[in-house]
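Values in this document were obtained by computation on a predicted structure and should not be read as measured data.
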Amino acid sequence: EQYKSRASSLWNNELAKVEVKTDDLSLKKTFYTALYHSFIAPNIFSDVDGLYRGIDRKVHQADGWDNYTVFSLWDTFRANHPLFTLFQPEIVPDLIESMLVHYQEGGLLPVWTLEGCETNCMIGYHAIPVIVDAAFKGIEFDYNLAFEAVKASAMQDIRGCKEYREYGYCPADLVNESVSITLEYAYDDWCIAQLAKKLNKDDEYDYFMKRAMNYKNLFNPATGFMQGKLSDGTWKPGFNPLYSNHRDDEYTEGNAWRYTWFVPQDPDALISLLGGQASFANKLDSLFKNNEAVQGDFASSDISGLIGQYAHGNEPSHHTAYFYNFAGQAHKTQELIHRIRTELYTDQPDGLCGNEDCGQMSAWYVFSSMGFYPFNPADGKYQLGTPAFDQVIIPLGPETNFIVTAENLSADNYLVDEVYLNGEKLDRTWISHKEILAGGELKFVMRE
């Protein structure tokens, strides 16, 4: 009973890091369930005396910090880790330290650790955006060691990295899941470039910014999709944007319809590749309206939570609905965010449309129901959507709160007319992390 009472008190303290106000009890249950899910992982791996078994299988001492494990980074870099920087900033230094000692003990940053062991079960080197995001949000750790670590992960010769560097993309005849790997490495490389710039490493900045543009090497203007390219520079024949094969394919748990949009580091350039704002928005419309069945005998079971070809039940799609903000059609972002929240999340036992993936599925909901989301998880900005609550209060200090209010909000009145930050009308579709930490009020005025 003592442990039960203590656990209840601890969780109430964590869930009190944000207060939402609504008369809809079901909505409130869904939100706090999502917040609870978001906080379950990573887990402390060091014992009460600070000892833990490292990736090198030796016993190490965590002196004055907690060593963490269960980093589902392919999923959680997108929104769950940015959520920690807002609601649990006190644990972020230990999360980063855990990643850095993983590098020191094993030579590379973690990819997907489970109980202190590297599984390498997903693509990308996504400890990098987590580290870079923390650095730019003022979290203190050894930035020079961090740069050494992120560079080592980007210069390895395994997991398609060698081919990626040699060709400027992962050739489909040499690397499985070649398109997805290329796109996600390009994003991570953009993050490395930003850290290099912060540390005045000009040569490394130029090098990694060039690599960050590698996504362009797999865009086929003839089809309008990111697709597989062979090592001889020709497109892989037989392209079908609906095709997905979990065993042997160019896409990770998806298809071309879902992965073409993974360019969070360079949205304006992707819009240009797709013919400008109007053409881009039409392509996005097609994504959400194309109800053709996924093709392939071994399509991934992770393709779930479908709205057209959009799959909210899997993480690569989580930023996509916010793309309309960049195309001058923010109302469509608002329509889709409202639809996803209300159709694909509930307070019932089956209230998620896909694998929770250590908190990412719920972190999307927490952010998106507050009215903003980290479209690019490492640029310190949040794209605006539409709020689900009359008021959200985020305590930041003894006398400082960030408050989100929604005027004229109702179940049918979810489109935004105007947005004000501390009384000044916003002429942009984003707010910054720094603006949130300064405290104040973000006010949404809903259309009547």
Side-chain angles (χ1 to χ4, degrees), residues 16-21 31 35 38 77-93 129-140 190-191 194-195 197-198 264-268 318-319 321-326 328 330-331 333-334 337 363-407 409 416-446:
K17 290 183 175 179
V18 57
E19 179 184 359
V20 298
K21 295 187 177 181
F31 178 84
L35 191 62
S38 300
F77 86 91
R78 304 170 195 269
N80 205 30
H81 278 278
L83 193 69
F84 295 149
T85 67
L86 187 59
F87 290 157
Q88 293 188 314
E90 68 278 0
I91 74 167
V92 176
V130 175
I131 291 170
V132 173
D133 180 48
F136 278 91
K137 289 176 178 174
I139 305 295
E140 294 185 3
W190 179 88
C191 295
Q194 308 316 302
L195 185 57
K197 185 176 182 179
K198 178 180 178 68
Q265 75 275 25
D266 206 6
D268 291 334
H318 276 189
H319 69 297
Y322 287 90
F323 250 122
Y324 282 110
N325 279 1
F326 297 90
H331 66 284
T333 284
Q334 297 156 23
I337 298 308
W364 183 96
Y365 183 87
V366 171
F367 269 122
S368 294
S369 62
M370 292 192 299
F372 51 92
Y373 183 81
F375 176 89
N376 175 345
D379 72 350
K381 296 178 181 177
Y382 304 95
Q383 285 296 317
L384 300 176
T386 180
F389 300 101
D390 298 317
Q391 188 177 68
V392 177
I393 302 173
I394 302 173
L396 299 169
E399 299 180 359
T400 306
N401 295 318
F402 186 75
I403 301 174
V404 182
T405 59
E407 188 176 290
L409 177 69
V416 178
D417 188 24
E418 297 175 333
V419 183
Y420 294 84
L421 180 62
N422 298 325
E424 294 187 12
K425 186 176 178 179
L426 285 183
D427 59 358
R428 48 184 161 95
T429 63
W430 56 271
I431 58 171
S432 71
H433 187 77
K434 183 179 293 187
E435 288 171 332
I436 291 177
L437 293 189
E441 182 187 30
L442 180 69
K443 180 180 178 181
F444 291 86
V445 179
M446 317 308 289

### Task
Please report the closest heavy-atom contact between Ser38 and Leu83, naming both atoms and the distance.
CB-CD2, 3.7 Å

## Note on the structure
In short, Phe136 meets Gln194 closest at the heavy-atom pair CZ-O, 3.2 Å

### Message
Minimum heavy-atom separation for Gly380 and Asp133, please, with both atom names.
### Response
N-OD1, 4.5 Å

### Query
Does the side chain of Thr333 come within less than 4.5 Å of Gln383's, by heavy atoms?
no

### Task
Indicate yes or no for a side-chain donor-acceptor contact from Asn325 to the backbone of Leu384 under 3.5 Å, with no hydrogens or angles considered.
yes

### Query
Does the side chain of Thr429 come under 3.5 Å of the side chain of Tyr322 through a donor N or O and an acceptor N or O?
no

### Query
So, for Asn401 and Pro395, which heavy atoms are closest and what is the spacing to 0.1 Å?
OD1-CA, 3.2 Å

### Task
Say whether, by atom type as modelled, one donor and one acceptor occur between the side chain of Gln334 and the main chain of Val416 under 3.5 angstrom.
yes

### Query
For Phe375, which of Tyr382, Trp430, Phe323 qualifies under ring-ring contact (aromatic ring centres under 6.0 Å, His included)?
Phe323

### Query
Which heavy atom in Ala378 sits nearest to a heavy atom in Cys191, and how many Å separate them?
CB-SG, 3.8 Å

Donor-acceptor contacts under 3.5 Å from residues 385-393 side chains, at least two apart:
{"from": "Thr386", "atom 1": "OG1", "to": "Tyr414", "atom 2": "O", "distance (Å)": "2.5"}
{"from": "Gln391", "atom 1": "OE1", "to": "Lys21", "atom 2": "NZ", "distance (Å)": "3.3"}

#### Entry: Distance, nearest 0.5 Å, that separates OG1 of Thr405 from CG of Leu442
7.5 Å

### Message
Students often mix this up, so state it plainly: with edges at 30° and 60°, are the rings of Phe402 and Phe372 parallel, tilted or perpendicular?
### Response
perpendicular

### Set of ring-ring contact (aromatic ring centres under 6.0 Å, His included) partners for Phe444, sequence neighbours left out
none

### Task
First locate atom NZ of Lys443, then atom CD of Glu407, and finally report the distance between them rounded to the nearest 0.5 Å.
4.0 Å

### Query
Any donor-acceptor pair under 3.5 Å linking the side chain of Ser368 with the backbone of Tyr365?
no

### Query
So, does Asn422 use its side chain to make a donor-acceptor pair with the main chain of Glu441 at under 3.5 Å?
yes

### Query
Which heavy atom of Thr400 sits nearest a heavy atom of Leu437, and at what distance?
CG2-O, 4.5 Å

#### Entry: Glu435 CD to His433 NE2 distance, which is reported to the nearest 0.5 Å
11.5 Å

